[in-house]
Engineer: 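One structure, pasted below without further comment.
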Amino acid sequence: MNALIDHRLRRSWTEEAAGAAPLPARAARWLDQRIGPVVPGGAPADEMPVKIPSPKLAKPAEEALAKVVGAENVLVDDPARLARATGLSYLDLLRRRSPSADFPVPDAVVLPADPDEVQAVLDACVQHDVGVVPFGGGTSVVGGVAALRGEKTSVIALDLVRLDALVSVDAESRIAVLQAGVRGPEAERLLAGHGLTLGHVPQSFERATIGGFAATRSAGQASSGYGRFEDMVTGVRLATPRGPWKLGVAPASAAGPDLRQLAIGSEGTLGVITEVALRVRPAPPVRRYEGYALPGWAAGAEAVRDLAQHHALADVTRLSDVDETEVSLALNAGLKTAALRRYLAARGVRRPCFLIVGWEGTAHDVALRRRETARRLKASGAVRVGKALGESWRHGRFAGPRQRDTLLDMGVCVETLETAAYWSNVDELRDDVRAALTASLGRSIVMCHISHAYETGASLYFTVLTARDETDPVGQWQRAKAAACEAIAGLGTISHHHAVGVDHAPYLSAEIGSLGVEVLRAAKSTVDPTGILNPGKLV
Ligand SMILES: Cc1cc2nc3c(=O)[nH]c(=O)nc-3n(C[C@H](O)[C@H](O)[C@H](O)COP(=O)(O)OP(=O)(O)OC[C@H]3O[C@@H](n4cnc5c(N)ncnc54)[C@H](O)[C@@H]3O)c2cc1C
């Protein structure tokens with residue numbers, strides 16, 4: 001059957017073109033000089049027909065699922081299936097733009113209303129031997145929601161969008177329970193009604209869900225202050241092929257290994273997360289964001305380490321390297337860049353690395369913490385750029401995915417990858433990954449930033465821009481990514497927050513050992529003996 005891959009699907013982030021983020025006119029010229037031919041103002045191809053396989057869900061299975069969720073919540077039409085067929089990696093976006101016959105598409109989309117229905121859906125899938133891909137916001141960039149069927153003849157996308165409630169608030173303990181399908185902005189809106197915040201703001205905030213954050217061990221942009229998502233989870237409720245499973249009864253426990261941490265990061269392979277109990281905080285009355293510039297990467301990384309090891313990190317602490325700083329100066333329409341360069345040059349910073357610092361809390365708390373951060377940064381040689389840079393970053397923090405759509409239209413290969421390492425390895429790892437990417441891609445811009453800092457180390461997040469090889473765009477990126485992953489192995493983690501999915505699975509045993517992989521497989525075979533859950537992911 002033919003279906004249209006429509007504009008909405010191909011332009012991945014800007015659904016219905018809402019909030020498109022065009023690049024300033026000088027950006028195309030700048031990119032042309034740096035990476036080769038780009039197409040200024042390039043537009044996505046016209047809507048195109050795509051042949052997708054007809055649904056293979058057997059009638060008895062479809063009827064059993066309809067009995068649980070209602071026939072109107074079992075979708076077998078092509079647009080519904082296509083919309084849940086991929087996540088949002090660069091390769092996913094390429095597939096959406098030029099889908100081929102091997103585009104894996106779920107046989108049906110099932111929309112349960114609550115945790116009990118999720119359990120009943122799993123029970124039906126066990127009975128009919130149907131694969132299940134849990135689907136939150138579909139923002140995975142590692143193939144986590146690819147509709148792989150493994151050994152099953154049919155697979156469903158289990159879309160949790162209807163699990164959208166705030167279940168309870170324990171104001172005394174500062175714990176809120178949210179259902180898995182609640183998206184970032186809605187979680188904050190629901191909590192704001194109680195004067196609370198979660199403070200988890202990844203760049204995918206607008207679309208990603210509470211269940212997805214937990215399933216992937218997500219880290220938000222303010223992780224230095226609020227912690228990573230797993231730091232916020234106090235309890236988790238799952239549906240599994242063996243039945244319901246609830247974990248978390250106290251703030252800390254010595255009752256054996258922490259099984260919550262097995263569920264968090266299980267990427268839909270051990271169960272479907274239906275509710276998450278989360279540590280919440282009072283909504284901050286004051287938010288203050290500022291920018292600093294440091295003279296080069298080494299000085300910048302050293303300054304961040306100093307903050308981390310003296311408990312002086314701001315809630316948001318984000319250091320860009322020279323290349324990323326150059327790109328933000330070239331592509332940011334809002335900054336007075338020439339004046340800024342003159343100001344920094346006059347203070348001896350000719351190749352700046354921008355550092356964004358942001359504090360959230362009461363006026364007193366923010367003032368106190370800001371003073372200490374500023375004192376230490378000054379001692380590290382940082383030049384204060386001021387509020388304009390911090391606010392410019394804060395307002396543009398969600399523009400990246402939108403600009404990515406525009407860059408793709410212009411014929412640019414644009415992708416990100418991330419890792420983390422101990423401080424003693426951070427510089428070597430950054431150099432090695434940059435060298436691997438550049439050797440593979442040739443003329444390219446490889447930028448890097450630290451956005452999550454710890455006493456013992458930091459994350460490294462790379463963004464790559466190069467002219468797309470139109471003869472083999474998929475191979476071009478696959479080779480570069482493989483080279484980067486090889487460079488990471490041994491020095492850092494294969495993923496600091498994007499998770500494993502399909503893309504990083506080949507590198508997992510290098511990190512946790514083949515015994516570690518066996519342990520995960522053993523856990524999976526206990527809770528999911530017939531292997532219906534998220535085939536082909538994680539292990
Ligand atoms: C532009 C962009 C920016 C991003 N920025 C960040 C960032 O700053 N920080 C960060 O951490 N990540 C980031 N990501 C990655 C992604 O947003 C995260 O992995 C996110 O946590 C996924 O949430 P989701 O709801 O979209 O999950 P999905 O993409 O739908 O699913 C992710 C994985 O979790 C499983 N899953 C989803 N829901 C459940 C559930 N309820 N129970 C069990 N399994 C489930 C899926 O099967 C899949 O394997 C970014 C992605 C994009 C595209």
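All values reported here derive from a predicted model rather than from experimental measurement. Whatever order the structure lists ligands and atoms in, that order sets their numbers, starting from 1. Each residue takes its place number in the sequence, starting with 1.
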Engineer: Give the ring-plane orientation class for Phe398 versus Phe205, where under 30° counts as parallel, over 60° as perpendicular and anything between as tilted.
Structural biologist: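 It falls in the parallel class, under 30°.
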Engineer: Check this for me: does any side-chain nitrogen of one of Arg149 and Asp129 sit under 4.0 Å from a carboxylate oxygen of the other?
Structural biologist: no
Engineer: Any N or O on Phe135 sitting closer than 3.5 Å to an N or O of ligand 1?
Structural biologist: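 No, no N or O pair falls under 3.5 Å.
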Engineer: Ignoring angles and geometry beyond distance, decide whether Arg207 reaches within less than 3.5 Å of ligand 1 through its nitrogen or oxygen atoms.
Structural biologist: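 It does not: no N or O of Arg207 is found under 3.5 Å from an N or O of ligand 1.
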Engineer: Heavy atoms only: which of Leu93, Asp159, Thr209, Asn534 lies closest to atom 25 (O) of ligand 1?
Structural biologist: Thr209
Engineer: Quick one: does Lys537 get a heavy atom under 4.0 Å from ligand 1?
Structural biologist: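 Under 4.0 Å: no for Lys537.
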Engineer: May I ask whether Ala219 has any heavy atom positioned less than 4.0 angstrom from an atom of ligand 1?
Structural biologist: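 Ala219: in contact with ligand 1 (<4.0 Å).
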Engineer: Does the N or O separation between Gln203 and ligand 1 drop below 3.5 Å for any pair?
Structural biologist: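 The answer is yes, given that Gln203 and ligand 1 share an N or O pair closer than 3.5 Å.
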Engineer: I'd like to check which ligand 1 atoms, numbered from 1 as shown, lie under 4.0 Å from a non-hydrogen atom of Pro202.
Structural biologist: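 Reading through ligand 1 atom by atom, the close ones are 6 (C), 7 (C), 8 (O), 9 (N), 10 (C).
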Engineer: Considering only heavy atoms, which of Thr139, Asp92, Leu158, Leu160 lies nearest to atom 40 (C) of ligand 1?
Structural biologist: Leu160
Engineer: Going by the order shown, which atoms of ligand 1 are within less than 4.0 Å of some heavy atom of Ser204?
Structural biologist: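 Numbered from 1, ligand 1 contributes 3 (C), 4 (C), 5 (N), 6 (C), 13 (C), 14 (N), 16 (C), 17 (O), 50 (C), 51 (C).
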Engineer: Answer side chain, backbone, both or neither: which part of Ser218 comes under 4.0 Å from ligand 1, heavy atoms only.
Structural biologist: both
Engineer: Considering the heavy atoms of Gly271, write down every atom of ligand 1 situated less than 4.0 Å from one of them.
Structural biologist: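 Checking each atom against Gly271, I get 43 (C).
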Engineer: Which atom names give the shortest non-hydrogen contact between Leu94 and Pro473, and what distance separates them?
Structural biologist: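 Looking at all heavy atoms of both residues, the shortest contact is CD1-CB, 3.8 Å.
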Engineer: Out of Thr216, Leu533, Ile273, who is nearest to atom 32 (C) of ligand 1 when you count heavy atoms only?
Structural biologist: Thr216
Engineer: Decide, yes or no, whether a salt bridge links Arg521 with Glu518 under the criterion of side-chain N to carboxylate O below 4.0 Å.
Structural biologist: no
Engineer: Going by the order shown, which atoms of ligand 1 are within less than 4.0 Å of some heavy atom of Pro401?
Structural biologist: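 Ligand 1 atoms under the 4.0 Å threshold to Pro401: 1 (C).
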Engineer: So is Gly181 in contact with ligand 1, going by heavy-atom distances below 4.0 Å?
Structural biologist: no
Engineer: I'd like to know if Arg318 and Glu324 make a salt bridge, using a cut-off of under 4.0 Å between side-chain N and carboxylate O.
Structural biologist: yes
Engineer: Show me which atoms of ligand 1 lie under 4.0 Å from any heavy atom of Gly268.
Structural biologist: 43 (C), 44 (N)
Engineer: Taking distance alone, with N or O pairs closer than 3.5 Å, would you say Gly137 contacts ligand 1?
Structural biologist: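 Yes.
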Engineer: Check Lys152 against Val130 and note the closest heavy-atom contact, atom names and distance.
Structural biologist: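 Taking every non-hydrogen atom into account, CG-C, 4.5 Å.
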Engineer: So that I can tick it off, tell me whether Asp78 and Arg81 are bridged by a salt bridge, with the cut-off set at under 4.0 angstrom between side-chain N and carboxylate O.
Structural biologist: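 Yes, Arg81 and Asp78 are salt-bridged.
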Engineer: Excluding sequence neighbours, so at least two apart, what forms side chain to side chain contact (heavy atoms under 4.5 Å, CB included) with Ala263?
Structural biologist: Val236, Leu238, Leu247
Engineer: Would you list the atom pairs, donor with acceptor, under 3.5 Å between side chains in residues 153-166 and any protein atom, with sequence neighbours excluded?
Structural biologist:
unit_1 : atom_1 : unit_2 : atom_2 : d
Asp159 : OD1    : Val161 : N      : 2.9
Asp159 : OD2    : Arg84  : NE     : 2.9
Asp159 : OD2    : Arg84  : NH2    : 3.2
Arg162 : NH1    : Leu111 : O      : 2.6

Engineer: On a heavy-atom basis, which atom in Pro535 and which in Gly531 lie closest, and how many Å separate them?
Structural biologist: CG-O, 4.4 Å
Engineer: Pick, from Ala215, Pro134, Gly220, Ala499, the option with the minimum heavy-atom distance to atom 47 (O) of ligand 1.
Structural biologist: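 Selected option, by shortest heavy-atom distance: Pro134.
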Engineer: Does a salt bridge link Arg95 with Asp92, judged by any charged N lying under 4.0 Å from a carboxylate O?
Structural biologist: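 A salt bridge is present here (some side-chain N lies under 4.0 Å from a carboxylate O).
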Engineer: Need the ligand 1 atom indices (1-based, order shown) with element for anything under 4.0 Å from a heavy-atom of Val141.
Structural biologist: 51 (C), 52 (C), 53 (C)
Engineer: On the 0 to 90° scale, with breaks at 30° and 60°, tag the Tyr461-His449 ring pair as parallel, tilted or perpendicular.
Structural biologist: parallel
Engineer: Using a strict 4.0 Å cut-off to heavy atoms of Ala180, name the atoms of ligand 1 that fall inside it.
Structural biologist: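 Those qualifying, in numeric order: 41 (N).
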Engineer: Provide the number and element of each atom of ligand 1 under 4.0 Å from a heavy atom of Leu88.
Structural biologist: 53 (C)
Engineer: Measuring from the heavy atoms of Gly501, does anything fall under 4.0 Å of ligand 1?
Structural biologist: no
Engineer: Out of Arg217, Glu511, Glu418, which residue meets the side chain to side chain donor-acceptor pair (under 3.5 Å) rule with Ser495?
Structural biologist: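 Exactly one candidate clears the test, Glu418.
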